[in-house]
Amino acid sequence: MNVQMESFVYDDKVVRKFVLATVVWGIVGMLAGLLAALQLADPLFNFEIPWITFGRLRPLHTNAVIFAFAGNAIFAGVYYSLQRLLKTRMWSDLLSNINFWGWQLIIVAAAITLPLGITQSREYAELEWPIDIAITLIWVVFALNVFMTLKIRRERHLYVAIWFYLATIITIAILHIFNNLWVPATWTDSYSIYAGVQDAFMQWWYGHNAVGFLLTTPFLGLMYYYMPKAANRPVFSYKLSILHFWTLIFIYIWAGPHHLHYTALPEWASTLGMLFSVMLWMPSWGGMLNGLLTLRGAWHKVAEDPILKFFVVAVTFYGMSTFEGPLLSIKKVNYLSHYTDWTIAHVHAGALGWVGFLVFGMLYWLAPRIFQAELWSKKLSEVHFWVGTIGILLYIVPIYAAGLTQGLMWLTFDDAGRLAYPDFVETTQKLMPMYWARVVGGGLYITGTLMCAWNLLMTWKRRPATYEQTVHQAPALAPNVRPTVESPSDLEASGAHVANVAYRLEYFMKARWHARWEALPFFFSLMVALAVISASLFEIIPTFLIKSNVPTISSVTPYTPLELAGREIYISEGCYNCHSQMVRPIRAETERYGEYSKPGEFVYDHPFQWGSRRIGPDLHRVGGKYPDLWHLRHMKDPESITPHSIMPPFPWLLTEDLEYEKIPKFMLAMKRLGVPYDQGELDRAIDYARAQAKGIADGLVEQGETSGLENKKIVALIAYLQRLGTDIKKEPAAGTPAAVSH
Amino acid sequence: MSMPEKDKILDHNFDGIQEYDNPLPRWWVYIFWATIVFAVLYVPYYHFGPGGTVADEYQAAMKEYYEQQSAAILAMGEINDEAIVTFSRNEGAMEEAKAIFRSKCMACHGMFGEGQIGPNLTDPYWIHGGKPTDIYRTIHDGVVTKGMLAWGNLLPPADVVKMAGYVLTLQGTNPPNGKAPEGELYQPEAEAEGQQAASAGDE
């Protein structure tokens, strides 16, 4: 047979760029994490610098490691492997470059805005609306480049790695768009169109699936390419690939509500989240099995190859995390674990172990190939492996202990039925030795990352004067012919195949249908989108449509203009990173914080502020708990009021001016979302706000504070804190402050 | 792993990567089915059956607690000056009260009751009355306009009495950094002798 061969060259330049970005941002993101860890061990490390105080630093850390480190690693890994798996260069070098530079610009924008306190406050989706739009555009560029490359491919069938890449591209686009529907108030502020219960639901639908489709599926895809490559062994089971791929992406989508157990979310949603999480266990383990069993017959290689060691540990951590996830999603376990460091330990096992180690293994494998020079030091990469592994263990073991310790302390009663540890700070103090151990563990892990950076740099220095451009050859894609003769059927011999049903069953079991789908990338993508969207809608539609999910409470009214401004400060300072606003219906919590939170209390909360971790106490019922003066002194210097507090001081709130002129814009945006402010209130918003501020400031002067505070941010924050959770104690529609009542 | 390894390699190859046609591991399939069965059984049991929802669970815990508390209140008897003074001499009760003070009251009254945002509790001057039952009432009802909370809503009933007793024990302890006296002088002896001494209130 005489086939026409075509020649082509792969684009490794863009891969090199993404590799560089991965390493640089990895170091930045991890250093931010280390500083955050230090701040929790001793609030001194907030240095009273607003830009790096914990509430602003933590989103910077999470965004940097997820979108900058893992994100760039995904691009690097996909751009390298996709070209080879499809036997073609990327469709457009221009799009590849727009993808690269655009993504880096987004990261820089994040690194500037988050420290300035410009944030939406929705976890892992903190970036403000102009950056959201940029992300959408760049993602579309990436998707277009990939789909067009699929179109010009020279390999008929898509390998399993590509299935996972496609699931990532499609699902992240859906998640990003539907979680980031907002109404802008200014260039740097916007409000989620959802409120309270629904906002929480959407945010965790997004948050959970961001973990699924940014930290799981793309990395499974990378595993399916780089692991068999490094081990030089066939993948264990094609059938397992098919089954675990489809079950994983379909089931994953449902699991989000397990982040909201015992909250004001309707219980049916929480139950669905739990059950689908439990069912997700085996689909996840399918990936682990296919990874680990691929090494059958190659275990001797693992002993001498640091790259395989990284992969083995990565996949092992993947297995651990995906067992622990379903465990944590069980309501009774979550009762104890929720809001504690257990969650932090869980994500770091996944992030440092699975994502981090897979990336390192991939980088070491790529380095000699993209730099066309031998790795500078295999020894150093071996040392990196051990330092990193010890670092992970030193991080997660103490933090698991911290989570259990604090969770149990919060729940324990004495014989008289009182809380055994009523003093919140006592429970944080217990954690200090564990927090210091984490600093050491995290420090080791970063040391390993620096070794990797050095090793790659030295390898790069060995590169040839000009990179050799290997020319590859392959025949053009032949037309897609459906094989007329199926491979020999087991049924044929017995004659059973004449029964149509049996034949169809066999067809299904042998996964021949799937082989056809693999040859049709656009149809395949459509099926992925269908799976993901239908699973989402099953939960989203009832959450929004069932009225009884959020019973109205007539005494709940919108925030006053000043309170709204205070809420902006609360969001901007990232208080939600340490404080929840969601008292669960658990006696240990109602005893500590007061009446548990009702869904109807949050109908004006755009966006919701329920939080996910209680580094400090819950604040939903803090309104009226302390005098204004207490808050003032506490915000200025928490330790002077609560000895051993690890809350950072916020002295700048007492000196920075409140931007009164922005308040009407906030209110207008809220009004557009259906919050019942009327035009008169909007027109006089600033006067209302000033009047309320004056009242608070005068009271503070009476108690011996300096005057002039009515122009400062602190009064707005105090107004907001004093309002929190108080509506249900009020008679409906009595003259609320500043007359904003309906 | 003891899996039947047929090791039949499929006849495709992606950039040198091949795949085996191995069957699904049995245990994997079984556990997957088990989780599905669990999910199917869970819903009727917890949402429509005897399992009970989160709200039911909470109600049960609260009921148990209220029963325990009402027993404690009955055991306490009538709340009068005498009962409070008796409490203030009960060392065990005062140890517990001290812990409660440090967690709930210290924020405003200082660690030793020397006063900070709230008034000094160690001097004999009282804004809302210095009789043990007055102190009890101030703690129980609060002085909401000034920031003192109504602890009767926040503490178990027996604890409110204990806290009143604890405040009595702070009298005359003279801690450092005491806040200047506020309110009227109250001397228990003077009261007992006859009404004459309590005259000069506003100093």
Side-chain angles (χ1 to χ4, degrees), chain A residues 81 84-85 87 155 157 159-161 224-225 228-229 234-241 243 247 261-262 267-268 270-271 274-276 278-279 281-283 285-286 289 293 296 326 331 416-418 422-424 426 585-587 590 594 596 624-630 633-634 641-643 703, chain B residues 1 3 5 7 9-10 12 14-25 28-29 31-33 35-36 38-40 42-43 46-47 53-55 57-59 61-62 64-65 68-69 72 96 99-100 102-104 106-108 111 116-118 144 146-149 153-156 158-159:
Chain A
S81 59
R84 283 150 176 95
L85 288 170
K87 294 207 182 96
E155 180 76 69
H157 283 260
Y159 175 58
V160 46
Y224 272 114
Y225 181 80
K229 275 284 195 188
V235 172
F236 167 68
S237 165
Y238 167 68
K239 280 208 185 91
L240 188 57
S241 296
L243 203 64
T247 50
H261 284 332
Y262 290 92
E267 197 170 350
W268 62 262
S270 153
T271 297
M274 162 180 157
L275 297 177
F276 277 84
V278 170
M279 288 188 278
W281 176 23
M282 279 303 117
W285 271 25
L289 286 177
L293 294 182
R296 287 170 322 156
K331 288 184 197 170
R418 272 187 260 96
D423 183 3
F424 192 90
E426 197 182 344
I586 294 174
R587 194 170 82 78
T590 52
Y596 69 87
K625 181 174 173 190
Y626 300 113
D628 293 349
L629 185 60
W630 188 95
R633 293 194 181 160
H634 183 252
I641 296 291
T642 315
Q703 293 170 65
Chain B
M1 303 249 163
M3 238 156 281
E5 194 179 326
D7 282 7
I9 289 206
L10 291 168
H12 52 219
F14 300 98
D15 193 28
I17 301 173
Q18 289 187 294
E19 293 170 292
Y20 285 124
D21 191 24
N22 284 325
L24 306 169
W28 185 89
V29 177
I31 299 180
F32 194 15
W33 277 114
T35 57
I36 294 170
F38 170 77
V40 170
Y42 183 95
V43 175
Y46 279 94
H47 282 261
T53 60
V54 164
E57 227 175 273
Y58 176 66
Q59 292 309 332
M62 289 309 284
E64 191 186 330
Y65 171 66
Q68 187 185 8
Q69 281 304 309
E96 286 171 27
I100 298 174
R102 296 261 158 112
S103 80
K104 309 246 178 204
M106 185 175 86
C108 289
M111 183 177 287
Q116 230 177 31
I117 293 165
V144 181
K146 294 210 185 153
M148 170 74 178
L149 300 178
N153 301 332
L154 301 167
L155 289 176
D159 282 357

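Note that the structure is a prediction, hence the values are computed from the model and not measured. Side-chain atoms are counted along with the backbone in the values below, which use heavy atoms only and exclude waters and symmetry mates. Below, chain A is the first sequence line, B the second, and so on; all start at residue 1.
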Exercise. Going by heavy atoms in the side chains, are A:Q703 and B:I117 under 4.5 Å from each other?
Worked result: yes
For this session: Heavy-atom distances under 4.5 Å only: say whether A:S81 touches chain B with side chain, backbone, both or neither.
Result: neither
Seminar exercise, completed: In terms of heavy-atom contacts, B:S103 and A:D423 come closest through CB-CB, 3.7 Å
Seminar exercise, completed: Pair count under 4.5 Å, heavy atoms only, with chain B: among A:Y225, A:F424, A:F276, A:W268, highest is A:Y225
Problem set entry | Distance, nearest 0.5 Å, that separates OG1 of A:T590 from OH of B:Y65 | 9.0 Å
Problem set entry | Residues which pass ring-ring contact (aromatic ring centres under 6.0 Å, His included) with A:Y626, listed by chain and number, not counting sequence neighbours | A:W630, A:H631
For this session: Select one option (side chain, backbone, both, neither) describing which atoms of A:H157 are under 4.5 Å from chain B's heavy atoms.
Result: both
For this session: Indicate the atoms forming the closest heavy-atom contact of A:R587 with B:A61, along with that distance.
Result: CD-O, 3.9 Å
Exercise. Side chains of A:K239 and B:N22: does their closest heavy-atom pair fall under 4.5 Å?
Worked result: no
Exercise. Of the backbone (N, CA, C, O) and the side chain (C-beta and beyond), which part of B:I17 lies under 4.5 Å from a heavy atom of chain A, both, or neither?
Worked result: side chain
For this session: For A:K229 and B:D15, work out which heavy atoms get closest and say how close.
Result: NZ-O, 2.6 Å
Problem set entry | Nearest non-hydrogen partners of A:R418 and B:E96, listed with the distance | NH2-OE1, 3.0 Å
Exercise. Side chains of B:F38 and A:L275: does their closest heavy-atom pair fall under 4.5 Å?
Worked result: yes
Exercise. Given a strict heavy-atom distance threshold of 4.5 Å, which part of A:P326 is in contact with chain B: side chain, backbone, both, or neither?
Worked result: neither
For this session: With the side chain counted from C-beta on, respond yes when B:I31 and A:W285 share a heavy-atom pair under 4.5 Å apart, and no when they do not.
Result: no
Exercise. Where do B:W28 and A:G286 come nearest, in terms of heavy atoms and distance?
Worked result: NE1-N, 3.3 Å
For this session: Please state whether the side chain, the backbone, both or neither of A:L240 comes within less than 4.5 Å of a heavy atom of chain B.
Result: both
Problem set entry | Rounded distance [0.5 Å steps], OH in B:Y42 versus NZ in A:K331 | 4.0 Å
Problem set entry | Sidechain-backbone polar pair: B:K104 side chain, A:P422 backbone, donor-acceptor under 3.5 Å | no
Problem set entry | Within 6.0 Å of CD in B:Q68, more than 12 heavy atoms from elsewhere | yes
For this session: Name all residues meeting the salt bridge (charged side-chain N to carboxylate O under 4.0 Å, His left out) criterion together with A:R84; count only those two or more places apart in sequence or in a different chain, and write none if there are none.
Result: A:D12
Problem set entry | Largest heavy-atom contact set with chain B, pairs under 4.5 Å, which of A:P234, A:P228, A:P627 | A:P234
Exercise. Is chain B contacted by the side chain of A:K625, its backbone, both, or neither, given a heavy-atom distance below 4.5 Å?
Worked result: both
Exercise. Which of the residues A:M274, A:H634, A:E426 is involved in the greatest number of heavy-atom pairs with chain B at under 4.5 angstrom?
Worked result: A:M274
Problem set entry | Donor-acceptor pair, side chain of A:E267 and main chain of B:V54, under 3.5 angstrom | yes
Exercise. Given that the side chain runs from C-beta out, which part of B:M106 has a heavy atom under 4.5 Å from chain A: side chain, backbone, both or neither?
Worked result: side chain
For this session: Taking all heavy atoms of B:P25 and all of A:F236, pick out the closest pair and write down the distance.
Result: CG-CE2, 4.3 Å
Seminar exercise, completed: Partner of B:F14 under ring pair (Phe, Tyr, Trp, His ring centres under 6.0 Å), picked from A:Y238, A:Y224, A:Y159, is A:Y159
Problem set entry | Per-residue contact mode, B:I36 against chain A (heavy atom under 4.5 angstrom) | both
